[in-house]
Every structure is written in structure tokens, then in C-alpha cells.
J.: 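Please find one structure pasted underneath; my questions will follow.
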2 protein chains.
Amino acid sequence: MSGTRWLSDEEQRTWRAYLASTQLLQEALERQLQRDSGMPHAYYTILAMLSEAPGRALTMTRLARVTMFSASRLSHAMARLEEKGWVRRVKHGQDRRTTMAELTPEGFAALEAAAPGHVQEVRHRLFDPLTDEQTRQFRDILAALTAAYAREGHESGLASP
Amino acid sequence: MSGTRWLSDEEQRTWRAYLASTQLLQEALERQLQRDSGMPHAYYTILAMLSEAPGRALTMTRLARVTMFSASRLSHAMARLEEKGWVRRVKHGQDRRTTMAELTPEGFAALEAAAPGHVQEVRHRLFDPLTDEQTRQFRDILAALTAAYAREGHESGLASP
DNA sequence: GCGCAAAAGTTGAATGTTCAATTATTCCGC
DNA sequence: GCGGAATAATTGAACATTCAACTTTTGCGC
């Protein structure tokens with residue numbers, strides 16, 4: 001790693017702007033949800049993903065995938081959500097390794113109560129400041145970033161010594 | 001909150017793409033730094049900001065501002081970094097409330113060792129996948145987002161004395 | 001069908017972050 | 001020059017996340 005290619009001034013500024021804006025947005029979401037609904041954004045995400053699933057239920061593994069949480073993080077979070085009565089975990093019949101996570105009516109209600117404020121915050125912080133043109137560009141940029149990731153995931157063993 | 005303006009399908013997709021790509025990037029940075037240099041990204045940020053300061057030192061408050069950390073988060077993190085011998089905290093002479101945080105030679109060396117791998121990861125994950133045109137657009141989008149935030153009264157910009 | 005690797009999920013300890021309270025010092029109006 | 005507001009920073013407890021180790025169950029090769 002001798003010839004490091006550093007960031008140009010322009011890239012440096014862009015990178016700093018990225019760090020600043022993502023951090024600000026994340027904090028804004030966290031603060032809004034915590035203040036108005038008493039839940040962290042991570043929990044909102046879990047409830048939201050469950051609510052969209054058929055029967056409002058998913059296996060832990062699938063829920064981990066759609067929320068992009070590690071198995072462990074999800075397990076701990078679900079323990080908390082279960083205490084609150086917002087989700088329930090039920091052993092699956094066919095494959096006895098798997099656990100079904102399901103949204104309770106209370107959990108759905110909590111999500112419904114939280115959603116408007118959350119959506120408003122997202123709109124306010126992310127979409128309102130951008131022109132339609134910028135929103136389109138942004139979408140394409142994000143798609144390019146995730147696509148690069150996906151490519152990486154599939155071509156795991158290229159470029160040997 | 002009766003008339004909530006929900007996200008359009010297009011916005012919804014963009015929002016999800018945002019969540020996915022920022023999370024993936026964050027995880028990639030975290031993983032790379034932890035693996036290759038044994039430090040979380042937060043600590044790298046602290047070292048980096050100190051290294052750029054005149055005399056490689058800043059007051060805790062100023063350091064908190066440039067890293068965008070809360071005072072508490074910074075205090076805890078600095079305690080860890082001090083244990084590692086990467087920073088030092090010294091009481092200020094003039095104003096005895098303030099503490100100067102300074103980078104030690106060991107801390108600077110740790111930063112220098114970590115930097116190339118970190119920069120490469122940033123380039124690989126963020127800049128490489130984008131065209132020059134997209135990079136410019138991205139910069140403008142991020143600027144618009146932070147500008148909107150600054151306009152909000154959530155003020156955090158001060159000039160140096 | 002046996003043996004063993006893989007898959008699903010959980011657990012506890014270590015680490016990191018937030019939140020509220022606290023200490024110490026300086027600033028400022030009078 | 002006194003008293004209270006503001007500023008700088010820390011602390012400990014509660015909460016969240018990661019990491020490595022573990023249990024249970026299923027799938028697979030033979």
C-alpha cells in the first residue's frame with residue numbers, strides 16, 4: 001500500500017459534506033422518533049418491515065435481511081420490542097430452527113401513530129430541500145452506489161495474486 | 001396530523017435506497033477500520049480532526065463541534081483514546097474550565113497508518129462507482145441538504161477568534 | 001441411516017452512545 | 001464585588017450494538 005491515491009480537494013469537500021449531511025439527517029430522524037414516539041429509528045424500521053410482510057410476519061432471518069440488521073442486533077432488539085408488546089415470536093412448525101416474528105395489533109398501532117411524524121421529517125429534511133431534478137439525480141446516484149455493492153458481493157473471488 | 005403527505009412510490013424507493021446505501025457505506029468503513037487498524041470510525045474522525053488543527057490540539061468544545069459529537073460522547077471516546085495513548089488531555093491555563101485535547105506522536109502514527117486503507121475504502125465505495133458528472137451532482141445535493149439544515153435555526157457555525 | 005457441515009437463532013460480555021445530573025469556572029449586570 | 005446565568009467538561013446509569021461462543025435442528029454426501 002505504498003502509492004496511496006488521496007482524495008482531491010473537491011473529493012475531500014464532498015466526502016465531508018456526505019459525513020455531515022448523513023449524520024445530521026440520522027440525528028434528526030432519531031430525535032424526532034424518540035421525542036414523539038419513544039422509539040429509536042431501528043425499532044421503527046423493524047415494525048415497518050413487519051407491517052409490509054404478508055400476515056405482518058417474517059422469519060427472523062428474513063427480517064434481518066430486509067432491515068439489514070445482524071442476527072444478533074435483531075435478536076436483542078426483538079427482545080426489547082417483545083417486552084413492549086409490539087411484536088411476538090413464535091416457533092415455526094415445519095422447520096423448528098426458525099422463529100416467526102410477528103407484529104401485534106399494539107405494534108401496528110404504535111407504527112401507525114409514529115408514521116406521519118416520521119414521514120414528515122423525512123420529507124422535510126431530505127425531499128423538500130431538493131429540486132425535482134436533484135431528486136432524480138440523487139436516486140440514480142444511490143442506485144449506482146448500491147449496485148456497486150451488489151456486484152462486489154457476487155464477484156467475491158476475483159483478482160487473485 | 002390528519003392530512004399526512006405520504007411519500008410517492010418514487011420517493012419511497014429513493015428513501016429506501018438512501019437508507020441502504022448509507023448503511024452499507026457506514027458498515028464498510030467501520031469494518032475496514034476495525035479490521036485493519038483496530039479502531040472505530042468515530043475514533044478515526046477524532047484523530048483526523050486533531051491532526052489538522054494547529055499544534056494538533058483543540059479544546060474539547062471545538063473538537064466536539066468539528067467532529068459533530070455530543071460533549072458526552074466525545075468525553076467517553078477521549079477517555080478510551082487516552083488509555084490507548086493516542087491523545088492527551090491538558091487543563092488550559094487561561095480559562096480553567098477548558099481542556100485542551102492534543103494528539104500524541106503515537107496517535108499521529110496510528111492515524112498515518114490507518115489513513116491509506118480508509119481513504120481507499122472511501123474511494124472504492126463512494127467515488128469509484130460514480131461518474132464525474134454524478135460526483136458533481138452529489139456534491140451539490142449534499143450542500144443543499146446541509147444548507148437547509150443550517151437555515152433551520154439549528155445553528156452550529158462559529159468563527160474563530 | 002450415520003456423520004458432519006451448514007443454517008437459524010440466542011446469549012453474555014465487551015464496547016460504544018445517550019441522557020440527565022453534576023462540578024467547576026467564568027461572565028455579566030448591577 | 002456579589003449572585004446568578006452561562007460555559008466547559010465530566011460522570012454514571014441506561015440503553016444499544018458488536019463480537020465470539022453456543023445450542024438446536026436440518027440438509028447432505030456417502
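Because the structure is a prediction, the values reported are computed rather than measured.
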J.: For Arg31(B), which contact category applies under a 4.0 Å heavy-atom criterion: base, sugar-phosphate, or nothing?
T.: nothing
J.: DNA chain D: Pro40(A) or Met100(B), which has the more 5' nearest nucleotide?
T.: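 Of the two residues, Met100(B) wins.
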J.: Using the rule that two of Ile, Leu, Val, Met, Phe, Trp, Tyr join whenever any of their side-chain heavy atoms come within less than 4.5 Å, decide whether Tyr18(B) and Tyr18(A) are in one cluster.
T.: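 Linked, Tyr18(B) and Tyr18(A) end up in one cluster.
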J.: Does this structure show an ion pair linking Glu11(B) with Arg123(A), if we count only N-O contacts that are shorter than 4.0 Å?
T.: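 Yes, charged N to carboxylate O under 4.0 Å.
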J.: Need to verify one output field. Residue with the more 5' nearest nucleotide on DNA chain C, Gln34(A) or Lys91(A)?
T.: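 First, find each residue's nearest nucleotide; the 5'-ward one identifies Lys91(A).
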J.: To the nearest angstrom, how far is Met60(A) atom CE from dT24(D) atom P?
T.: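 The answer, rounded to whole Å, is 18 Å.
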J.: Base, sugar-phosphate alone, or nothing: which one does Gln94(A) contact when heavy atoms must sit under 4.0 Å apart?
T.: sugar-phosphate
J.: Given atom CG of Leu33(A) and atom C1' of dA16(D), what is their separation to the nearest angstrom?
T.: 16 Å
J.: What is the distance, rounded to the nearest whole Å, between atom CG of Asp95(A) and atom P of dT25(D)?
T.: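 To the nearest whole Å, that distance equals 10 Å.
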J.: Check this for me, if you would: do Glu106(A) and Lys84(A) make a salt bridge, where the nitrogen-to-carboxylate-oxygen distance has to be below 4.0 angstrom?
T.: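 Salt bridge between Glu106(A) and Lys84(A), a charged N being under 4.0 Å from a carboxylate O: no.
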J.: Looking at Tyr43(B), does the NZ or CZ of Arg80(B) lie under 6.0 angstrom from its six-membered ring centre and within 45 degrees of the ring axis?
T.: no
J.: Taking the side chain as every heavy atom from C-beta outward, state whether Leu142(B) and Thr14(A) have any pair of such atoms under 4.5 Å apart.
T.: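 Yes. Closest side-chain heavy atoms under 4.5 Å.
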J.: To the nearest angstrom, how far is His41(B) atom NE2 from dT17(D) atom C1'?
T.: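 Answer to the nearest Å: 17 Å.
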J.: Between dT23(D) atom P and Arg96(A) atom CZ, what is the distance in whole Å?
T.: 18 Å
J.: Has Glu102(A) got a side-chain atom pairing as donor or acceptor with Val90(A)'s backbone, closer than 3.5 angstrom?
T.: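 No; zero donor-acceptor contacts below 3.5 Å.
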J.: Rounding to a whole Å, what distance do you find between Glu27(A):CD and dA16(D):C1'?
T.: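 Rounded to the whole Å, the gap is 16 Å.
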J.: Is the shortest distance from a Lys or Arg side-chain nitrogen in Glu27(A) or Arg73(B) to a carboxylate oxygen in the other one below 4.0 Å?
T.: no
J.: Looking at DNA chain C, which of residues 62-82 of chain A put a heavy atom within less than 4.0 Å of it?
T.: Ala71(A), Ser72(A), Ser75(A), His76(A)
J.: Assigning hydrophobic clusters by single linkage (Ile, Leu, Val, Met, Phe, Trp, Tyr; side-chain heavy-atom cutoff under 4.5 Å), is Leu24(A) placed with Met49(B)?
T.: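 No, Leu24(A) does not connect to Met49(B) through the hydrophobic network.
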J.: Would you mind reading off the distance between Arg97(A) atom CZ and dT25(D) atom P, rounded to a whole angstrom?
T.: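 Distance, rounded to whole Å: 10 Å.
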J.: Rounded to the Å, how far apart are Gln23(B) CD and dT18(D) C1'?
T.: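 Rounded to whole Å, this separation is 14 Å.
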J.: Could you give the start and end, 5' to 3', of the contact zone on DNA chain C for chain B, using atoms under 4.0 Å from its heavy atoms?
T.: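 Under 4.0 Å from chain B, the extent on DNA chain C is dT15(C) to dT26(C).
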J.: With rounding to the nearest 0.5 angstrom, report the OG1 to CG distance, Thr135(B) to Leu130(B).
T.: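 Interatomic distance, Thr135(B) OG1 to Leu130(B) CG, rounded to 0.5 Å: 4.5 Å.
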